[in-house]
Amino acid sequence: MTALRPLAFQRDDSGLHRALMQAAQHYLAENRDHRFADRGMLAKVLLLLALCAFCYGLSLQQHNLWAFFACYFGFIFIGMFLTVNVVHDASHNAFFRQPWANRWLNCLVSIPLGLDPDCWRVRHVIFHHAHNNIEHYDPDIDANGVLRQTPFQHWRPFMRAQRFYWPLVAAMTFPYYIWLFDWLDRAGRTRVAARMAQRGIRGWSVFLMGKTAHVLLALAIPCYLLSPAIGVGQLVLVYLLSQMLSSLLFVMLIIGTHWAKAKFYQAPAQGPLPHGWYHHVFATTFDWFPRPRWLGYWLGGANLHLTHHLFPHWSHRHYPALSRIIAEVAPRFGIDYRVLALGELLHLQQRFLSAMGRKPGE
């Protein structure tokens, strides 16, 4: 595990920063609002928890494999939506005002999906947000030997086909994080461990309680109640497929916005990057909109991903208004702000994966 030197950006974005912050604060003052979650967000969380519990309870009443898979997938799938809608905000301390309340909310809503919220917070908030699309600094684009995600990574002949097999790699993201990377992080085998909020015995205790609760809920209880109608092997297969399908959607909607922009950087040998942080975000991230547009509400604002990177400590309920602020402010500083349709996003993702799959120099 090689230590990376601290990386900074040029300080040339002060005017843009000031204009965005002033416009955002004016929006809050005009609406007599705050940047955290409101009662509507709490209601959404409670509804998602209720739907998750409903699908789970329904799955425990099924003795037909296909009926069980449909209900159980609903349980895991809504668990993924809890991660997108709640863990994403709470990890940035954008749900509650109190950091401790965000941590405990994360611990609760992460149980159905099984991700460790502290490990994910460090990967996403501390490393990805500070260094998105920078080789060796952004864990979301770390070389994995299977998918070439940047022009600086080693090319292998089979990667010519990566635009066809990438969904399988994306689908394995959650299972790998839950059953491998979380454990490596907690064991101190990665750069994540040093930045965790809780370490030592306390950290391990919270980690193991979360993993144990997930295993009991997702595997042990269904195995006990549904055997022999649903065998252990069948249950594990349904669990894995549900995780994989949820993972595919998550990667396509979030990491895929950085793929679509297809701009990647290497850290200079010394000194800061030759551009400012705001310009870096605009160069590496897109916003996009679903159809119908109200689906963005249930995606937890994941479609407005550039907006999220510029305002990470704001509840996603504000993202539509903030994106309009960005659209008004950015052109004044010579920045092109585009909001893609979903079809455009998927097309750009495929173009990027095809380009990265070609042998360098071809």
Side-chain angles (χ1 to χ4, degrees), residues 73 76-77 79-81 83-84 87-88 113-116 119-120 122-124 127-129 131-185 189-192 236-265 284-286 288 299 302-303 305 340 342-360 362:
F73 172 68
I76 295 293
F77 188 68
M80 183 272 292
F81 272 88
T83 296
V84 171
V87 177
H88 206 184
L113 191 63
L115 283 171
D116 179 76
C119 295
W120 189 83
V122 175
R123 292 191 208 107
H124 177 74
F127 290 118
H128 170 69
H129 265 260
H131 310 108
N132 61 294
N133 284 25
I134 301 177
E135 186 77 3
H136 303 306
Y137 284 79
D138 181 357
D140 286 356
I141 58 168
D142 279 347
N144 54 36
V146 178
L147 201 66
R148 186 168 179 256
Q149 298 187 77
T150 80
F152 315 115
Q153 293 175 359
H154 182 67
W155 178 85
R156 293 177 173 86
F158 65 82
M159 290 175 176
R160 294 183 190 275
Q162 71 174 17
R163 67 190 178 99
F164 301 111
Y165 68 71
W166 80 267
L168 180 60
V169 180
M172 290 303 298
T173 299
F174 280 167
Y176 267 102
Y177 273 20
I178 294 164
W179 296 108
L180 179 61
F181 294 145
D182 279 355
W183 293 86
L184 293 176
D185 290 345
R189 301 294 298 273
T190 71
R191 62 186 186 273
V192 168
V236 172
L237 180 61
V238 167
Y239 170 82
L240 182 61
L241 288 174
S242 299
Q243 292 276 8
M244 291 174 67
L245 290 171
S246 300
S247 178
L248 173 60
L249 179 62
F250 182 87
V251 171
M252 180 179 69
L253 297 183
I254 295 184
I255 299 177
T257 62
H258 299 296
W259 285 353
K261 208 65 181 247
K263 186 70 175 177
F264 297 88
Y265 298 90
T284 56
T285 316
F286 268 125
W288 61 276
L299 292 174
N303 58 302
H305 202 57
L340 304 178
L342 178 58
E344 292 178 282
L345 176 76
L346 297 178
H347 170 72
L348 290 173
Q349 287 179 12
Q350 283 295 303
R351 190 171 74 177
F352 160 74
L353 289 165
S354 296
M356 290 297 100
R358 289 193 292 269
K359 184 178 181 179
E362 284 188 347

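Just so you know, these numbers use all the heavy atoms, side chains as well, and skip hydrogens, waters and symmetry mates.
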Sequence neighbours excluded, which residues qualify as ring pair (Phe, Tyr, Trp, His ring centres under 6.0 Å) partners of His124?
His88, His92, Trp120, His128, His129, His308
Atom CZ of Arg156: over 12 foreign heavy atoms under 6.0 Å:
yes
Using side chain to side chain contact (heavy atoms under 4.5 Å, CB included) as the criterion, list what pairs up with Asp142, not counting sequence neighbours.
Pro139, Arg191
Output every pair passing salt bridge (Lys or Arg N to Asp or Glu O under 4.0 Å) with a member in residues 161-178, not counting sequence neighbours, ordered by first then second residue.
none
Taking all non-hydrogen atoms of both residues into account, name the closest pair between His305 and Thr257 and its distance.
CD2-OG1, 3.1 Å
Does Trp288 have any ring pair (Phe, Tyr, Trp, His ring centres under 6.0 Å) partners at least two apart in sequence or in another chain, and if so, which?
none
Can you classify the ring geometry of Tyr165 versus Phe158 as parallel (below 30°), tilted (30 to 60°) or perpendicular (above 60°)?
tilted
Verify, without hydrogens or angle tests, whether Lys261 (side chain) and Thr285 (backbone) share a donor-acceptor contact under 3.5 angstrom.
yes
Smallest separation among heavy atoms of Glu135 and Thr150, with atom names
OE1-OG1, 2.8 Å
Going through the distances and angles, do Phe264 and His258 end up as a side-chain contact (heavy atoms from CB on, under 4.5 Å)?
CA-CA 9 Å; Phe264 297 88; His258 299 296; 5.6 Å; no
With sequence neighbours excluded, tell me which residues meet side chain to side chain contact (heavy atoms under 4.5 Å, CB included) with Arg358.
Ser354, Ala355, Glu362
Between Thr173 and Ala170, is there a donor-acceptor pair closer than 3.5 Å when you use the side chain of the first and the backbone of the second?
yes
Measure across Gln162 and Met356 and return the closest heavy-atom pair with its distance rounded to 0.1 Å.
NE2-CB, 3.3 Å
Under the criterion side chain to side chain donor-acceptor pair (under 3.5 Å), which of Asp182, Thr190, Asp138 is the partner of Arg123?
Asp182
Main-chain N/O of Gly343 paired with His347 side-chain donor or acceptor, under 3.5 Å
no
Val84: what forms a side chain to side chain contact (heavy atoms under 4.5 Å, CB included) with it, not counting sequence neighbours?
Met80, Phe250, Ala302
Looking only at non-hydrogen atoms, find the nearest pair between Ile76 and Ser246 and report the distance.
CG2-OG, 3.8 Å
Taking Ala143's backbone N and O only, do any of them form a donor-acceptor pair with Gln149's side chain (distance below 3.5 Å, no angle check)?
no
